> 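Before we start, here is the structure in question, set down as structure tokens.
Remember, predicted model here, so these are calculated numbers, not experimental data.
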Amino acid sequence: MKRKDLENVEFDSVGVEEYGRNRKKGKKKRSAGKIFFGFIGVVILLLAVFVITVKLVNPDADLSRIIPTVPREKAVQFIDEKLLGKTTTAAPTTETPTETTTSAPETTKAVNMYLPIEEFALNTAVEGNQLGNLLAGGKAATDMSYLYHIVDGRGIYRFAPSSEGYYRIYKSEDKLSSLNLRGEYIYFVNDKENKLYRLKKGEQKPAAIADNVKLAYVYDSEVFYTTTDNEIGIMGIKELKPKLIFDESTPDVVELIGISLNSVFFTMTSGDGTVSYMTVSKAGGEAEPFRPESENGKILSPVLENGFLYYYEKQDDFSYNLCRQKFGSKKVVTLVEGATSFNPPIVENNRLFYGELDGSRFEMKELNMNSGDVKTMLYTNNASADNNLIIQHGGEYDFIIGKKNDKDRVYIASSMYTGSANIMHFDENGWSY
């Protein structure tokens, strides 16, 4: 009620008496409040003196054992509700949750793993071969001076791009794989013996440096390899002392798919086809997932190169797209729609090499991932749907190798500087056009 309205109000005697009583009660209440808060002030002062005295006598004293701490929110609530008669409701927090406060399960945190792109700043000049080549068999590699390639049942050949001359540097009747070139040495796996060998360039007798090896990848001064017992090992090329960094007993099939500066990445495929995507430190330790697992046939031929995962992904219409996904990102980029061959993608700088079956014609394609341009590098005809052809990229030259139908095998190559129809064939007599 405004003051000007009060001037016209007539009070009866009862109202006046009640007004007086209420005013006296208010004075008593305020007086009691002053006494109470005065008492609290004295207690706080004495407590402060006590704390200062204790810290002067013993600076390392743990006062939390003497004086219980009360969170600020609880103290405010006590004063408001118990002393002032107010009711309080906690305001919603606007603080962004962190990893330490999230209620998500630990597996979710691991699956959403993020690493800065700098962790994948690998130098392709010091790798023994491209991972896409190795995952397809590792039959060809280049040291930028010569091209080396494996012919199963015959051995390893060296090819000179300048003259297209060649000769066999190592003879073997066994199936060989995982060809790597690093420095003055050639590395390869004998699939019959499951041994990793090292051959010095210019010599003809290799030395076995690791046993039970299934696939090997040389990067800089280290060899990363998977074993026949589904383990992962690492070995320095100087010390040649193998060390297992993942040796859990598992019936799952373990396949290496990539590395970073400090970690190794691999898949584990269970008996029902479910694929888990795992990583482990190069120093060893507990492996953990870095992305959600995929059901049987959902993801094919994954390859992790320089922080990007390349793979074929099944679509709702049962076709497959060749995709690329940056590590830790949920964004998926489709590079090729309706893929017809599932050779492991081979990545070199901004170029992606993949296979394609067009009717009965099998082609090796090159995709420029900057411009989107696609061109055919070489091809072979009369390929069936169940062919086992692989592609290999070796610097200037590209290869198609394997069985293209029930009867015919093929071993062909072509230079990037010539047309796709200018094809070299390898047979018992060597290379010829």
> Is there side-chain contact between S178 and Y187, with heavy atoms separated by less than 4.5 Å?
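A side-chain contact is absent here, since even the closest heavy-atom pair is not under 4.5 Å.
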> Applying the side-chain hydrogen bond (donor to acceptor under 3.5 Å, both in side chains) criterion to K404, which one of N382, T380, N381, N387 satisfies it?
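In the set N382, T380, N381, N387, the residue that makes a side-chain hydrogen bond (donor to acceptor under 3.5 Å, both in side chains) with K404 is T380.
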> Check the pair M364, F399 against side-chain contact (heavy atoms from CB on, under 4.5 Å), reporting the backbone distance first and the verdict last.
CA-CA 8 Å; M364 180 175 177; F399 295 77; over 6 Å; no
> Please determine whether ring-ring contact (aromatic ring centres under 6.0 Å, His included) holds for the pair F188 and Y170, giving the CA-CA distance in whole Å, both sets of side-chain angles, and the decisive distance to 0.1 Å.
CA-CA 11 Å; F188 63 91; Y170 174 66; 5.2 Å; yes
> Among side-chain atoms of Y397 and H149, is any donor-acceptor pair under 3.5 angstrom?
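Side chains of Y397 and H149: no pair found under 3.5 Å.
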> Exactly one of I234, V213, N180, I237 should register a side chain to side chain contact (heavy atoms under 4.5 Å, CB included) with V223. Which one does?
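For V223, the side chain to side chain contact (heavy atoms under 4.5 Å, CB included) test succeeds with only one of I234, V213, N180, I237, which is I237.
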> If I take atom CG from residue L135 and atom OG from residue S177, how far apart are they, to the nearest 0.5 angstrom?
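With rounding to 0.5 Å, CG (L135) is 11.0 Å from OG (S177).
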> Which heavy atom in A216 sits nearest to a heavy atom in L134, and how many Å separate them?
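Looks like O-CD1, 3.6 Å.
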> Please check: side-chain N/O of S414 versus main-chain N/O of S420, any donor-acceptor pairing under 3.5 Å?
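The answer is no, because no donor-acceptor pair under 3.5 Å joins these two groups.
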> Decide side-chain contact (heavy atoms from CB on, under 4.5 Å) for K214 and V253; before the verdict, give the C-alpha distance in whole Å, the side-chain angles of both, and the deciding distance to 0.1 Å.
CA-CA 11 Å; K214 184 170 57 174; V253 177; 4.1 Å; yes
> Crowded around K201 NZ? As in, over 12 foreign heavy atoms under 6.0 Å?
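Yes.
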> Does this structure show an ion pair linking R351 with E348, if we count only N-O contacts that are shorter than 4.0 Å?
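The answer is yes: the pair qualifies as a salt bridge.
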> Looking only at side-chain N and O atoms, does E293 offer a donor or acceptor that is under 3.5 Å from a partner on T274?
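Result is no, nothing qualifies.
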> Between R182 (side chain only) and D220 (backbone N and O only), is there a donor and an acceptor less than 3.5 Å apart?
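Yes.
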> Is it true that a side-chain atom of D174 and a backbone atom of D191 form a donor plus acceptor pair closer than 3.5 Å?
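Side chain of D174 to backbone of D191, a donor-acceptor pair under 3.5 Å: no, none is there.
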> Quiz question: by atom type and distance under 3.5 Å, do the side chains of Y277 and S294 form a donor-acceptor pair?
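On atom types as modelled, these side chains qualify, holding a pair under 3.5 Å.
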> Should we say atom OH of Y433 is surrounded by more than 12 heavy atoms from elsewhere, each under 6.0 Å from it?
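More than 12 heavy atoms, drawn from other residues, nucleotides or ligands, come within 6.0 Å of this atom.
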> Please say whether more than 12 non-hydrogen atoms of neighbouring residues, nucleotides or ligands are located less than 6.0 Å from CZ in F159.
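Yes.
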> Using a 6.0 Å cut-off, check whether atom CD of E164 has over 12 heavy atoms from anything other than its own residue.
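Enclosed.
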> Distance alone, cut at 3.5 Å: any donor-acceptor contact between the side chains of E396 and S415?
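The answer is yes; a qualifying pair exists.
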> Do the ring planes of Y148 and Y146 sit parallel (below 30°), tilted (30 to 60°) or perpendicular (above 60°)?
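Ring orientation of Y148 relative to Y146: perpendicular.
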> May I have the step-by-step check of side chain to side chain donor-acceptor pair (under 3.5 Å) for T250 and N230, ending in yes or no?
CA-CA 7 Å; T250 174; N230 294 313; over 6 Å; no
> Calculate, to the nearest 0.5 Å, the distance between atoms CD and CZ belonging to Q204 and R168 respectively.
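Here the rounded value is 10.0 Å.
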> Does a side chain donor of either T376 or K365 reach within less than 3.5 Å of an acceptor in the other side chain?
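Checked: T376/K365 side chains pair up, N/O donor to acceptor below 3.5 Å.
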> Is Q325 reaching over with its side chain to a backbone N or O of L309, donor-acceptor style, under 3.5 angstrom?
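No, the answer is negative, given that no donor and acceptor are paired below the 3.5 Å cut-off.
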> Between T269 (side chain) and G273 (backbone), is there a donor-acceptor pair under 3.5 Å?
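Side chain of T269 to backbone of G273, a donor-acceptor pair under 3.5 Å: no, none is there.
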> Kindly confirm or rule out a cation-pi arrangement of R291 over Y311, judged by NZ or CZ under 6.0 Å from the six-membered ring centre and within 45° of its axis?
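So R291 does make the cation-pi contact.
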> Is the side chain of N212 donor-acceptor paired with the backbone N or O of K195 at a distance under 3.5 Å, no angle test?
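Side chain of N212 to backbone of K195, a donor-acceptor pair under 3.5 Å: no, none is there.
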> So which atom in I259 and which in F120 form the shortest heavy-atom distance, rounded to 0.1 Å?
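Shortest heavy-atom separation between I259 and F120 comes out as O-CD2, 4.1 Å.
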> Can you name the nearest heavy-atom pair linking I400 to Y379, along with the distance?
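Closest pair (atom of I400, atom of Y379, distance): CD1-CA, 4.0 Å.
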> What are the two closest heavy atoms between L352 and P345, and how far apart are they?
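The answer is CD1-CB, 3.6 Å.
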> Quick one: does T334's side chain have a donor or acceptor within less than 3.5 Å of a partner on C323's backbone?
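Such a contact is absent between T334 side chain and C323 backbone.
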> Going from NZ on K241 to CD1 on I209, what distance comes out if it is rounded to the nearest 0.5 angstrom?
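It is 14.5 Å, given to the nearest 0.5 Å.
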> Between D152 and L176, is there a donor-acceptor pair closer than 3.5 Å when you use the side chain of the first and the backbone of the second?
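At least one qualifying donor-acceptor pair exists.
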> If you look at every heavy atom in L261 and A121, which pair is closest and at what distance?
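Smallest interatomic distance, heavy atoms only, reads CD2-O, 3.9 Å.
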> Rounded to the nearest 0.5 Å, what separation is found between the CD1 atom of I156 and the NZ atom of K139?
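Reported to 0.5 Å precision, the distance equals 10.0 Å.
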> For G138 versus I150, what's the shortest heavy-atom pair and its separation?
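Result for this residue pair: O-CD1, 3.6 Å.
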> Backbone N or O of K331 within a donor-acceptor pair of the K326 side chain at under 3.5 Å?
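Here the side-chain-to-backbone pair does not exist.
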> Walk me through it: do V218 and N129 pass the test side-chain contact (heavy atoms from CB on, under 4.5 Å)?
CA-CA 7 Å; V218 179; N129 203 346; over 6 Å; no
> Run the side-chain contact (heavy atoms from CB on, under 4.5 Å) test on L215 and V189 for me, step by step, so that the C-alpha distance in whole Å, both residues' side-chain angles and the decisive distance to 0.1 Å come before the verdict.
CA-CA 7 Å; L215 179 143; V189 172; over 6 Å; no
> Starting at OG of S432, measure out to CD1 of I423 and round the result to the nearest 0.5 Å.
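Going from the OG atom of S432 to the CD1 atom of I423 covers 12.0 Å.
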> For Y312, which of Y320, Y354, F342 qualifies under ring pair (Phe, Tyr, Trp, His ring centres under 6.0 Å)?
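Only one option passes, and that is F342.
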> Taking everything shown except Q315 itself, do over 12 heavy atoms lie less than 6.0 Å from its CD?
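More than 12 within 6.0 Å, yes.
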> Could you check if a side-chain atom of L335 sits within less than 4.5 angstrom of a side-chain atom of L367, using non-hydrogen atoms only?
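Yes, side chains in contact.
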> Taking atom types as modelled and ignoring hydrogens, do the side chains of D211 and N194 form a donor-acceptor contact shorter than 3.5 angstrom?
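On atom types as modelled, these side chains do not qualify, holding no pair under 3.5 Å.
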> Backbone N or O of S384 within a donor-acceptor pair of the N405 side chain at under 3.5 Å?
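Flag not set: sc N405 to bb S384 has no pair under 3.5 Å.
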> Pick one: which of Y114, F290, Y310, F308 meets ring pair (Phe, Tyr, Trp, His ring centres under 6.0 Å) with F327?
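Filter result, single survivor: F290.
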> Report yes or no: do T227 and D229 form a side-chain donor-acceptor pair below 3.5 Å?
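No - no donor-acceptor pair under 3.5 Å links their side chains.
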> Would you say the ring centers of Y157 and F426 fall short of 6.0 Å from each other?
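Between Y157 and F426, the centre distance is under 6.0 Å.
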> What I'd like to find out is whether the side chain of N133 reaches to under 4.5 Å of the side chain of H393, using heavy atoms alone.
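Result yes, sub-4.5 Å side-chain heavy-atom pair found.
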> Kindly compute the distance separating CG (N306) from OG1 (T124), expressed to the nearest 0.5 Å.
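Those atoms lie 7.0 Å apart.
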